[in-house]
Asker: 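Shown below is the structure under consideration.
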Number of protein chains: 2
Amino acid sequence: MSKPEIHTMEELSAAIGVSRPTLSRYFQDPSKVSKSSVERIRSGLEQVDYTPNFFATRMNRKSTGMIGVIIPYLNDLFFTRLLEAIERAAMRAGYTVITQCSHADPDIEARAAETFLSMNVDGAVVAPLGNHSDLKVYERLNSRLPFVLMDSRPARLSQVDFVGTDHVQSTGIITEYLNRVGGPPVFLAMPRVNFNALEREAAYIAKMEELGHEPVIIGTEEVDAGGYFEAHGLAVLNAYFSKGEFINSSILCANDRVAIGALRAAAHHGLEPGALRQGGLRIAGHDDYPLCPFLIPTLTTVAQNVEAIGQAAIDRLIEKLRAENSQDNQTVQLMDGVLKIRESA
Amino acid sequence: MSKPEIHTMEELSAAIGVSRPTLSRYFQDPSKVSKSSVERIRSGLEQVDYTPNFFATRMNRKSTGMIGVIIPYLNDLFFTRLLEAIERAAMRAGYTVITQCSHADPDIEARAAETFLSMNVDGAVVAPLGNHSDLKVYERLNSRLPFVLMDSRPARLSQVDFVGTDHVQSTGIITEYLNRVGGPPVFLAMPRVNFNALEREAAYIAKMEELGHEPVIIGTEEVDAGGYFEAHGLAVLNAYFSKGEFINSSILCANDRVAIGALRAAAHHGLEPGALRQGGLRIAGHDDYPLCPFLIPTLTTVAQNVEAIGQAAIDRLIEKLRAENSQDNQTVQLMDGVLKIRESA
DNA sequence: CAAAGACTTTTACACGTGTCAACACTAGGT
DNA sequence: ACCTAGTGTTGACACGTGTAAAAGTCTTTG
């Protein structure tokens, strides 16, 4: 571009004849400057190429206007939906989101937390890694910042705000549904990489006992799935189907990605899971992964209210950082899951 | 934690009896400080809670060690794979990646670019939004920073480095394959939201003419798909299948997400696309979306070498920012696609 | 024992902007 | 023309760290 580059407010001040502090106030809130100055500055800015330095502006402000978010994986549409919900909510509230992905590595997660602290973010929202994460990282963030945990909750962490799905409810309704339409379901677990895996397992067991049935859990063993839940579901069920087991069962998968593998295993063995088959194979999932309506058959599942979880996490965070000194109590918000009945069960 | 918090190097200097400039050098490169001091600092740091202020450290350094990345969508596993590849490559090279998602909004994309400029990032990598993006944004970044475009390339943008897939080659080999095993394929287009959509269309047409066949393109019309490629493919093919059209054709989808919708449409009409059917319906995609091996049937496609694209983008960027003053020429790197033959075609 | 060398510390200034108190200015009313 | 109120501007200091030159200290070498 042909516009001359200007790098500091000082230069800009000299160029358009308005004092530097006035410019500073203009960039923060134009209404704090007289109309005549606003006009002069605005027309001046059209002649030159200038944007305030990001670091200098954040350095000695009380608030940086930034919220740090840590997500465990990116290659999972559930987390990307959650992230989008959070970014939208934060944007509406006027905050900038800085995202870090821990890539399933506790060291990276810890490093990201330190980065947020050194950046003086106004608050942090974290979706925990799971078993492998270092709880001290969360405690440290919680003690120094407005902090909210979401999606999955470490059992032994108290005094930390949490927003997520009520897995007792969500897993409960789908267990009940499967039991009603197809008999007592089997639970196809996923590798216990996060706390939700265990919560859903426990919720399944509780509901089954309430219904007077024996819980049956498969797939807890490690399978070489390369970190892909789909491959895990596929490998586990392939093994059982090959032996002729669970061919006519209702199978509740720990999440939709596992269920995608399960559907594939069924197809591979010529089985057609579905609600229309009387007494036959049924497969259901959990989460309402965006692809569910496009699978073959379309996947019955329980939807997590991702949008609400993201919004609530940001709402709670902002509530905390507005009332910094009030020592309010721990808040736990659990959203209900919604049954999505489709073809597969 | 019980460790006393220290907020400035000055305080730290007083606390452990080492001068502040020495501390500054220690944090940048411990080898620039004598062993005795290193030992003293290290043991001192274990007694207190201190991390250097992120903004202050970046403010008057020549290099911020940060690379800005802009991605159009998050809810697409292709882009998340690309992002992961980039993050890994950047991390290996010692750079911190700042990611911004433009959410398919050119205004957000432009704002993200300005943010990067105001942060003095060392370089920027952008996957363009597509038709709607403002080319001036890229030109501006390119004129002020080491800059690399990836994945999709605006036709009218010259003098900008690019890394992506050679769609003439990739679309060519799958067109040829389909033609060989199932007769001349139809091209199921996707909404022309990005430049790759057009490049693949053109490559398909060229290959068909080379083979002496009439190209047939469907699905260019807007369908109300809510931004989901899967829904687009489903809606378009549902309409044709209902009329009995293309029921025995080879269908090349513009990408795998469209193909997922296409598979669903086939299933909905009781059709079974697959290589094993002589002369029947075949469906293929493009990209090698991670779910391809789990679809029913598993999806034949052309794999983009995502890992290589990410690595090459970072390599090129670093090459540029190391040799800032050398006015080297534009570099365009096109990676070959690899045919992935599975069940669907 | 003195001189050279290797570090370290000190001193001083710089980065670009926020912030507040003190100041200058304009407009309105008498 | 004068005073006051109100608003806008300016000067001065602050934020936390990087950086370079000068001065200091200590160890090693002749």
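By convention in this document, chain letters (A, B, ...) are assigned in the order of the sequence lines, proteins followed by strands, and residues within each chain are numbered from 1.
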Asker: Among residues two or more places apart or on two chains, list those pairs meeting side-chain hydrogen bond (donor to acceptor under 3.5 Å, both in side chains) that have a residue in residues 90-99 of chain A.
Answerer: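 Listed once each, the pairs are R92(A)-Q311(A).
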
Asker: Under the salt bridge (charged side-chain N to carboxylate O under 4.0 Å, His left out) rule, collect the residues that match up with R111(A), sequence neighbours excluded.
Answerer: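 Counting only residues at least two positions away or on another chain, R111(A) forms no salt bridge (charged side-chain N to carboxylate O under 4.0 Å, His left out).
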
Asker: Could you tell me which residues satisfy salt bridge (charged side-chain N to carboxylate O under 4.0 Å, His left out) with D76(A), sequence neighbours excluded, listed by chain and number?
Answerer: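 D76(A): salt bridge (charged side-chain N to carboxylate O under 4.0 Å, His left out) contacts with R257(A).
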
Asker: Determine which pairs satisfy side-chain hydrogen bond (donor to acceptor under 3.5 Å, both in side chains) with at least one residue from residues 114-129 of chain A, sequence neighbours left out, and list them in order.
Answerer: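 Sorted result for residues 114-129 of chain A: S63(A)-D122(A), T64(A)-D122(A), E114(A)-R140(A).
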
Asker: Reading nucleotides 9-22 of chain C 5' to 3', which nucleotides get B (base under 4.0 Å from a protein heavy atom), which S (sugar-phosphate only), which -?
Answerer: BBBB-BBBBBB---

Asker: Write out all pairs satisfying side-chain hydrogen bond (donor to acceptor under 3.5 Å, both in side chains) with one or both partners inside residues 37-47 of chain B, taking only residues at least two apart or from two chains.
Answerer: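 Residue pairs passing side-chain hydrogen bond (donor to acceptor under 3.5 Å, both in side chains), neighbours aside: S34(B)-S37(B).
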
